[in-house]
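Below is one structure; the comments refer to it alone.
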Amino acid sequence: MTFPDGSTRTFARGVTGFEIAESISKSLAKAALAVMIDGAPADLSQPIESDCSLKILRREDPEALELIRHDCAHIMAQAVQELFPGTQVTIGPNVENGFYYDFARSEPFSTEDFAAIEKRMHEIVDSATPIVREVWDRDQAIAYFKDKGETFKAELIADLPGGESIKVYRQGDWLDLCRGPHMPTTKLTGHGFKLMKVAGAYWRGDSSRDVLTRIYGTAWRDEKELQAHLTQIEEAEKRDHRKLGRELDLFHLQDEAQGSVFWHPKGYTVWLALESYIRRRIRAAGYVEVKTPQLMDSRFWEQSGHWGKYRENMFVVPDVVPNTEDGGKVFKEEPKHFMALKPMNCPAHVQIFNQKVRSYRDLPLRMAEFGCCHRNEAHGALHGLLRVRQMTQDDAHIFCREDQIESECTAFCDLLEKVYADLGFTDLTVKLATRPAVRAGSDDVWDRAEQGLRDALMSAKLDYVEAPGDGAFYGPKLEFHIRDAIGRSWTCGTIQLDFVLPERLDAYYVGEDGQKHHPVMLHRAILGTLERFIGILIENYAGKLPLWLAPVQCVVATITSEADSYAQKVLETLKAAGIRAELDMRNEKINYKIREHSVQKVPVLFVVGAREAEGGTVAIRRMDDIAQPVEKMDEAVKALAVTCAPPF
RNA sequence: GCUGCUGUAGCUCAGUGGUAGAGCACUCCCUUGGUAAGGGAGAGGCCGACAGUUCAAUCCUGUCCAGCAGCACCA
């Protein structure tokens, strides 16, 4: 047996983790929860049959949390089945910060049931019931669960691979099919858990199958850790972009335009600052910018394939003159022709590409558009700025030759990284989504495309995870994910290779050989959509946007009305220097004004009273800094203008 | 779209089977105050929409709409 410190010891075949722990020390045996055998968790009671590396898991080990959470899921399931007879158990895995368990019950649970369930859970923990692992015969297991009316469990067992042994964990009278491992007794779970929410979830994630009731819980080593987690959730909720959007007067949403954003002056100022920044970036990177129609005939979408494959997400508009009679039907006759709001920009960009004969010398052609798209997203999917129906993408399509894919992808990753760094995002997850089962194009092309993306990630030094089968039918893609305040991960940037659309829309260029060839299209966006990205920005900065993005960069606040005319002059100077500034001459005390603008997260305040007016100075107060240096007004404005400059 | 929860003033939230309250914000008055809320007065609500039960509904029931959480889908 090899231990984590590198030492080795010899034990008899069939020794258990618990016996090994005991042989080391009594206290270790007492603290032991489970073992890691060659890096895989296992029960303390499991006999070890061969040489291996072994680690005894104790409460303070990171892996212990996994055990606690999974045991906790079992304890919850036991409590639920005791309190609500007739409830079927299904699956109950760990998730980040906790666990869930999906139950099948005619009447769904509500959060009002939590108190009773939690109470019973605490009792089960205190009962210190031993958790015992058993290996069952497959058919016997299926029969047992069927007999108990546990049809979902029976289905699970029936679907397990033939060779796999059926493991069951028993705690008292209750048992559950489970891969394990578990800790020796229910006592070890401790009391650092709490049930969080109920939700519907489809059996096996399939929306055509039964809806189960899912109960989510969070679990930690002790009550203190639990409390810390709950506090963290509260803090995160404070930076929710929907809350900050209202408080900072950036935007609003309303029933009559669900999923579409009303940008207020301040929010749109952020938008424009961000858009201009991206525009400068892509111009420097060799893109040309275009603008294409919002509304196009259905035959256009038929040709692009969207009418067949994407129509349920499109807003379709009948191409007829409406009936104008009061109280009459909207249309006198059944519409024969339809138009649709564009859900994507790509087919329109191909039209521009196709307007003339292109040479291989023209490639790569990088065509960008701040394209406003509409997608009829499911009601339940909508979420503030992060999931909307009207979105503006910082979209572009790169038409290139196959041999240019890698260099274009590399250049894109470089550009994206620079932009994300400028915007304060360094913690992003990159996902490489590879070929799905149903796809267009030969395996040879897919091989090269996927490798091209890997190489691009490599040369951009980006870590990534592969998501096999998650690619689009027309090509593989990279997705750049950023987390929101509540920990949910959203795709922002993306690059997708497409071998299908150029062929479908008959895009071609004349190659060196004088023959027609279809270009490859790279669909790519850095921010993704301005809506989502601004939402993420707000949360990332908790509303305290960097100076260059702040809607109001400086407020001039007067102390007395004697300083009014001087304050006007300060404002004019700020504006002349290109700074977004406002003037607060209200009949309020300076304390009040400071508080209000602090709450509004204005980065810089110029406070002026009689003294400043007299000396031609300003008292500067920066956000989160109580210092109040007094400087000559002209110099202060000049210095501020420098710090307000965008990063590019 | 599915499951559950929620819907009272611009915002945050109390509340009752007899058509409503608080704080902040808003308007006016007093106050000219030196770095996170000065004082007073006033105005503001078809209690999400539509049905039903009831002498009477913001409150009970149902349907719908929207929001929230999760699922499914996705930038």
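This is a predicted model, so every value here is computed, not measured.
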Using the ring of A/Phe473 (Phe, Tyr or Trp, six-membered ring only), decide whether A/Lys309 places NZ or CZ under 6.0 Å from its centre and within 45 degrees of its axis.
-> yes

State whether A/Arg242 places a side-chain N or O below 4.0 Å from either non-bridging phosphate oxygen (OP1 or OP2) of B/C68.
-> yes

Nearest-Å distance once atom P is located in both B/U6 and B/U61 = 11 Å

Look at atom CG of A/Asp206 and say whether more than 12 heavy atoms of other residues, nucleotides or ligands are closer to it than 6.0 Å.
-> yes

Report yes if a side-chain nitrogen or oxygen of A/Tyr592 is closer than 4.0 Å to either non-bridging phosphate oxygen (OP1 or OP2) of B/U32; otherwise report no.
-> no

N/O (side chain, A/Lys593) to phosphate O (OP1/OP2, B/G34) under 4.0 Å = no

Would you kindly give the CG-to-C1' distance between A/Leu382 and B/C65, to the nearest whole Å?
-> 14 Å

Within this structure, what is the CD-to-P distance between A/Glu596 and B/G38, rounded to whole angstrom?
-> 11 Å

If you check the A/Thr529 side chain, which of B/G38, B/A36, B/A75 turns out closest?
-> B/A75

To the nearest Å, give me how far apart CD1 (A/Ile594) and P (B/G38) are.
-> 12 Å

Aromatic A/Phe99 / basic A/Arg69 pairing, under 6.0 angstrom, 45° off normal | no

Report the nucleotide, chosen from B/C71, B/A36, B/A75, that has the shortest atom-to-atom distance to any side-chain atom of A/Tyr216.
-> B/C71

With a 4.0 Å cut-off on heavy atoms, is A/Ala378 in touch with a base, just the backbone sugar-phosphate, or nothing at all?
-> base

Positive for side chain to side chain contact (heavy atoms under 4.5 Å, CB included) with A/Arg204, one of A/Thr90, A/Ile91, A/Asp159, A/Leu212 | A/Asp159

So among A/Arg586, A/Glu612, A/Gln568, A/Lys593, which one has a side chain to side chain donor-acceptor pair (under 3.5 Å) with A/Thr558?
-> A/Lys593

N or O in side chain of A/His383 less than 4.0 angstrom from B/G67 OP1/OP2 | no

Reckon A/Gly380 touches a base, only the sugar-phosphate, or nothing at all at heavy-atom distances under 4.0 Å?
-> base

From the options B/G34, B/U12, B/A75, select the nucleotide whose nearest atom is closest to the side chain of A/Ile590.
-> B/G34

Given A/Leu385, A/Leu530, A/Thr392, A/Leu250, the one that forms side chain to side chain contact (heavy atoms under 4.5 Å, CB included) with A/Val261 | A/Leu385

Tell me: CD1 of A/Ile215 to P of B/A69, nearest whole Å?
-> 19 Å

Identify which nucleotide among B/C71, B/C26, B/A36 has an atom closest to any side-chain atom of A/Tyr202, counting heavy atoms from C-beta outward.
-> B/C71

Please work out whether the ring planes of A/His306 and A/Tyr310 are parallel, tilted or perpendicular, with thresholds of 30° and 60°.
-> perpendicular

What nucleotide among B/G4, B/U32, B/G34 has an atom nearest to a side-chain atom of A/Val198?
-> B/G4

Using the closest heavy atom to pick a nucleotide of RNA chain B for each, name whichever of A/Thr111 or A/Gly528 lands nearer the 5' end.
-> A/Thr111

Counting heavy atoms from C-beta on, name the nucleotide in B/A36, B/G34, B/C11 closest to the side chain of A/Ser598.
-> B/A36

B/G7 versus B/U16 - spacing of their P atoms, nearest Å | 13 Å

If the plane angle is over 60° it's perpendicular, under 30° parallel, otherwise tilted; pick one for A/His229 and A/Trp220.
-> tilted

Of B/C71, B/A75, B/A72, the nucleotide closest to the side chain of A/Ala381 is B/A72

If the C1' atom of B/G42 is compared with that of B/C46, how far apart are they to the nearest Å?
-> 23 Å

Strand RNA chain B as a dot-bracket string - pairs counted if Watson-Crick or G-U with both distances under 3.5 Å, | where the partner lies in another strand | (((((((..((((....[..)))).(((((.......))))).....(((((..]....))))))))))))....

Minimum-distance nucleotide to A/Glu377 side chain [options: B/G34, B/U35, B/C74] | B/C74

Answer yes or no: is there a side-chain heavy-atom contact under 4.5 Å between A/Val604 and A/Gln553?
-> no

From the list B/A69, B/A72, B/U35, which nucleotide is the closest neighbour of the side chain of A/Ser207?
-> B/A72

Residue pair A/Phe370 / A/Lys291: nearest heavy atoms and the distance that separates them = O-NZ, 2.9 Å

Figure out the CG/P separation between A/Asp395 and B/A75, and round it to whole Å.
-> 11 Å

Roughly how far apart, to the nearest Å, are B/A14 and B/G23 at atom P?
-> 16 Å

Taking the nucleotide of RNA chain B with the closest heavy atom to each, which residue, A/Arg586 or A/Ala199, is nearer the 5' end?
-> A/Arg586

Would you say the side chains of A/Thr151 and A/Gln88 form a donor-acceptor pair under 3.5 Å?
-> yes

Rounded distance (Å) that lies between atom P of B/C74 and atom NZ of A/Lys477 | 7 Å

Taking atom C1' in both B/G52 and B/G17, what distance in whole Å separates the two?
-> 15 Å

For atom P, what is the distance between B/A9 and B/G4, given to the nearest Å?
-> 27 Å

Rounding to a whole Å, what distance do you find between A/Glu588:CD and B/C29:P?
-> 13 Å

OP1 or OP2 of B/A66 less than 4.0 angstrom from a side-chain nitrogen or oxygen of A/Gln258, does that happen here?
-> yes

How long is the line joining NE2 of A/His241 and C1' of B/C68, in whole Å?
-> 13 Å

For A/Glu247, does the CD atom have more than 12 heavy-atom neighbours from other residues, nucleotides or ligands under 6.0 Å away?
-> yes

Between the base of B/C74 and the side chain of A/Arg387, is there any donor-acceptor pair under 3.5 Å?
-> yes

Parallel, tilted or perpendicular, as decided by the 30° and 60° cut-offs, for the rings of A/His241 and A/His383 = tilted

Expressed as a whole number of Å, how far does the P atom of B/G70 sit from that of B/U53?
-> 40 Å

For nucleotides B/U8 and B/U19, find the distance between their C1' atoms and express it as a whole number of Å.
-> 13 Å

Looking across every strand, which nucleic acid part, if any, lies under 4.0 Å from A/Arg532 by heavy atom: base, sugar-phosphate, or nothing?
-> base

Please list residues of residues 603-621 of chain A whose heavy atoms come under 4.0 Å from any atom in RNA chain B, ordered by number; otherwise none.
-> A/Val607, A/Gly609, A/Ala610, A/Arg611, A/Glu612, A/Ala619, A/Arg621

Is there a donor N/O on one and an acceptor N/O on the other, under 3.5 Å, for the side chain of A/Thr213 and the base of B/U3?
-> no

Side-chain N,O (A/Arg204) to OP1/OP2 (B/C71) below 4.0 Å | no

